[in-house]
Amino acid sequence: MMMTMKMKMLRLCWWVKEVVLLVVVLELGAQVKVSGQQSYVNNHQLDCYKHFNSTDGFVCDGVSSSASTCSSFLTFRSIPPYDSPVSIAYLLSSDASLIASANNFSSDVDPIPSDTFVLVPVNCSCVPLLFFQHNSSYSLKSSDETYFSVANNTFQGLTTCQALMAQNPSIGDRNLSVHKTLQIPLRCACPSPNQTAFGVKYLVSYLVTWGDDISSIAVRFDVDSQSLLDANMLSSSDIIFPFTPLLVPLPTDPSAVRLNQSPSPPTPPPSPQTTAGGQSNSTDSKKWVFVGIGTSAAVLLLLGLSAFIFCFLRRRTRSKDYAAKHESNPNANPLPVSTSSDPDHSPLPDSKSSWSISSGGVQSAIDSLTLYDIKEVQKATNFFSQANKIRGSVYRGSFKGDDAAIKVMKGDVSAEINILKRISHSNVIRLSGFCVHGGNTYLVYEYAESGSLDQCLQLQPQPYSSHSTTLSWKQRVEIAHDVGDALNYLHNFADPPYIHKNLKSSNILLDGNLRAKVSNFGLARVVGNGKDEGLQLTRHVVGTQGYLAPEYIEHGVITPKMDVFAFGVVMLELLSGKEAAATNKNKNNDNKEELLFDTIKRVLEGDNVREKLRGFIDLALRQQDYPLDLAFSMAQLANLCVAQDLNSRPDIAQVFVTLSKIRSSTHDWDPSDELQRSSSLTQAR
Ligand SMILES: *[C@@H]1O[C@H](CO)[C@@H](O)[C@H](O)[C@H]1NC(C)=O
Ligand SMILES: *[C@@H]1O[C@H](CO)[C@@H](O)[C@H](O)[C@H]1NC(C)=O
Ligand SMILES: *[C@@H]1O[C@H](CO)[C@@H](O)[C@H](O)[C@H]1NC(C)=O
Ligand SMILES: *[C@@H]1O[C@H](CO)[C@@H](O)[C@H](O)[C@H]1NC(C)=O
Ligand SMILES: *[C@@H]1O[C@H](CO)[C@@H](O)[C@H](O)[C@H]1NC(C)=O
Ligand SMILES: *[C@@H]1O[C@H](CO)[C@@H](O)[C@H](O)[C@H]1NC(C)=O
Ligand SMILES: *[C@@H]1O[C@H](CO)[C@@H](O)[C@H](O)[C@H]1NC(C)=O
């Protein structure tokens with residue numbers, strides 16, 4: 001019984017809808033077809049299980065190949081967590097600095113007040129013989145999400161559920177689940193040859209909202225109503241609907257128009273001709289107001305429409321409303337933030353240009369990142385309590401039971417995000433997500449339980465105390481091997497290859513099993529290519545004394561060999577337990593800077609090398625046990641790495657091979673042998 005009732009209702013709805021559509025089509029009449037460009041979606045996006053040509057996208061089969069890609073603009077209304085150029089760029093696969101400049105925002109990361117109208121520059125291209133679109137992707141965040149909610153609520157109508165389903169054929173609507181990544185075709189279009197001939201340069205995908213009508217949109221963009229109607233194959237009697245994109249043809253770049261002077265559209269009372277009597281009160285508790293200019297047949301339309309709406313609302317009650325909650329308390333917590341004088345956190349000189357994530361290949365990697373809401377981050381870190389502080393501006397946090405390290409950084413850190421999201425290696429720290437709020441970026445990393453290498457090395461035992469919490473020889477070799485592995489990956493296997501530029505023991509983190517993870521990519525940059533074999537120059541020398549290669553300090557030369565140099569210093573730290581640059585009082589009681597890479601030269605030169613090396617080795621290691629031969633090999637390797645002349649330094653692949661040999665010999669080495677040997681040695685003396 002219930003079923004048949006339902007069926008009847010559905011059939012009635014379908015019938016009503018067809019009648020309404022028929023009326024609309026009749027209304028359009030012949031005039032539209034002539035100069036029409038792209039057909040308006042006409043609220044068909046609400047009917048996910050029915051196919052309409054207009055819901056798939058704006059067609060591009062007619063365009064010439066030169067018009068198959070163009071710059072275009074989407075529009076978006078800021079809403080947390082998508083309320084900064086960085087986060088909107090992330091959602092829509094655009095570029096944060098281009099968004100900031102198109103909207104005259106002062107920074108890439110400052111929050112945009114909620115519900116501000118944001119222009120989003122994108123490249124729009126034609127999928128041959130099909131549609132114009134700008135590709136983005138999105139990984140599902142909650143089990144409540146549906147194709148409809150993703151299209152309408154998350155992407156605000158920039159795509160349709162039909163297009164989503166068509167372009168994600170392997171993911172059925174019944175098995176959408178958290179972390180599934182959807183391809184998102186965003187609706188955009190390039191001007192047709194005819195439009196170009198009439199001076200149209202850009203088409204903006206404008207999202208209709210409550211209170212809009214054709215003339216108010218035309219005024220906002222300073223175009224004439226007729227061209228707006230033509231561009232969307234509409235006539236003046238047609239109705240436009242909220243959460244649908246309308247193409248606005250523009251002769252100039254819209255950022256010149258300064259649309260943000262009226263951030264949210266003036267909220268006019270419901271226009272008189274559309275709210276016939278009690279319609280909006282009776283059927284529509286959500287203020288579902290259709291805005292438009294009805295002239296003839298308005299009454300008939302409205303009659304049909306109320307039934308139409310009724311049907312849609314029935315359908316929609318099944319899907320929930322997922323609009324993100326508004327931020328109630330934007331300036332919650334003033335935070336200690338790293339300053340730019342700290343070389344660890346200083347912004348990259350070239351960070352501006354690097355946020356672009358438009359190429360399709362990296363999309364899947366990007367979407368493994370989670371964009372957190374500030375409230376989640378505050379909760380995870382206990383409102384950045386002292387107890388959660390790890391060091392500097394890094395806090396420990398817990399997301400759904402998983403520990404994470406959260407680094408608070410001022411300003412634009414898109415460079416680091418950009419690099420880490422493309423890199424996947426077990427010895428490179430994994431970035432799991434981020435949050436942008438109040439001018440700060442919160443980077444959420446995997447948690448390294450054992451802290452940083454420099455801290456571990458400084459856990460010196462009391463002299464001659466037997467018990468030791470320090471790293472054993474085997475552990476040190478594993479750490480060196482891990483770091484070598486990570487650098488080898490960065491220089492030779494990452495796409496594109498990177499120079500870390502800031503390798504040091506405080507940037508090497510250790511997890512619970514003492515596996516090393518290279519972190520802090522804030523200064524990293526892509527290995528230059530071309531004839532000069534990666535030679536790049538900078539005048540902006542930053543880094544930490546003791547790790548910087550001489551050619552970089554003196555001439556600003558940036559090559560992968562500078563990482564090799566720094567890695568040599570790290571190996572020396574592992575061997576000696578000393579800091580890369582330590583201030584010692586010398587005989588004359590002057591403070592003298594002692595650099596490890598100088599010390600090793602003295603150790604390995606001249607006579608008595610083995611004795612001098614023994615003295616160089618970490619006291620903590622000497623109390624345990626270590627194979628002096630292997631330590632010697634490692635010291636020699638490190639010494640090669642810190643060669644003054646970059647051409648005599650080995651490249652990381654060679655270093656890694658040697659380290660692998662040292663590692664396998666270490667596996668064969670049995671501490672008890674050494675113990676016997678050394679004790680027999682002492683006895684012999
Ligand atoms: C080109 O556009 C103009 C005005 O928008 C229209 O009058 C004309 O018919 C269009 N031509 C074609 C081939 O669509
Ligand atoms: C919809 O598209 C199909 C094929 O792309 C085409 O044959 C059909 O005529 C289109 N319908 C309308 C109403 O444009
Ligand atoms: C951009 O914003 C700045 C202030 O942030 C203002 O001084 C400037 O006039 C704006 N530019 C335009 C073109 O509106
Ligand atoms: C569009 O593509 C060009 C060239 O590939 C690129 O320079 C530009 O940044 C892209 N624009 C956007 C918004 O991604
Ligand atoms: C579409 O999304 C908007 C928010 O972006 C929401 O207000 C509206 O109710 C949604 N429409 C439907 C039919 O769920
Ligand atoms: C998705 O649904 C189909 C059938 O509807 C099923 O065969 C398949 O196993 C499901 N896939 C997942 C990952 O749940
Ligand atoms: C966008 O995605 C479609 C289908 O997923 C693909 O055919 C097209 O090449 C993509 N466009 C770009 C510019 O990557």
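In each ligand, atom 1 is the first atom listed, and ligand 1 is the first ligand listed.
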Check your understanding: Can the SG atoms of C124 and C70 be said to lie under 2.5 Å from each other?
Key -> no

Practice item. Go through ligand 4 atom by atom and flag the ones less than 4.0 Å from a non-hydrogen atom of P121. Key: 13 (C)

Review point. With respect to T244, which candidate in N232, L207, V208 satisfies the side chain to side chain contact (heavy atoms under 4.5 Å, CB included) definition?
Key: V208

Check your understanding: What atoms of ligand 7 come within less than 4.0 Å of a heavy atom belonging to S125?
Key -> 13 (C)

Review point. What do we get for Q133 next to ligand 7 when only non-hydrogen atoms under 4.0 Å count, side chain, backbone, both or neither?
Key: side chain

Check your understanding: For S84, which residues count as a side-chain hydrogen bond (donor to acceptor under 3.5 Å, both in side chains) partner, sequence neighbours excluded?
Key -> S87

Exercise for review: From the options F155, F243, W210, select the one whose nearest heavy atom is closest to atom 4 (C) of ligand 5.
Suggested key: F243

Practice item. Answer yes or no: is the gap between the SG atoms of C126 and C190 smaller than 2.5 Å? Key: no

Review point. Run the side chain to side chain contact (heavy atoms under 4.5 Å, CB included) check on T154 and L91 step by step: do they pass?
Key: CA-CA 9 Å; T154 307; L91 182 70; 4.2 Å; yes

Point to revise | Element-labelled atoms of ligand 4 that are located less than 4.0 Å from some non-hydrogen atom of V122 | key: 13 (C)

Review point. For Y147, what residues pass the ring pair (Phe, Tyr, Trp, His ring centres under 6.0 Å) criterion, not counting sequence neighbours?
Key: none

Review point. Where on L98 is there a heavy atom closer than 4.0 Å to ligand 4, on the side chain, on the backbone, on both, or on neither?
Key: side chain

Check your understanding: Any N or O of Q156 that comes nearer than 3.5 Å to an N or O of ligand 5?
Key -> no

Exercise for review: Considering the heavy atoms of N123, write down every atom of ligand 4 situated less than 4.0 Å from one of them.
Suggested key: 1 (C), 2 (O), 3 (C), 8 (C), 10 (C), 11 (N), 12 (C), 14 (O)

Check your understanding: Quick one: does NZ or CZ of R77 land under 6.0 Å from the six-membered ring centre of F117, within 45 degrees of the ring axis?
Key -> no

Review point. Which of the atoms in ligand 5, numbered in the order shown and given with their element, are less than 4.0 Å from a heavy-atom of F148?
Key: 12 (C), 13 (C), 14 (O)

Review point. For atom 6 (C) of ligand 7, which candidate among I184, N135, L186 provides the closest heavy atom?
Key: N135

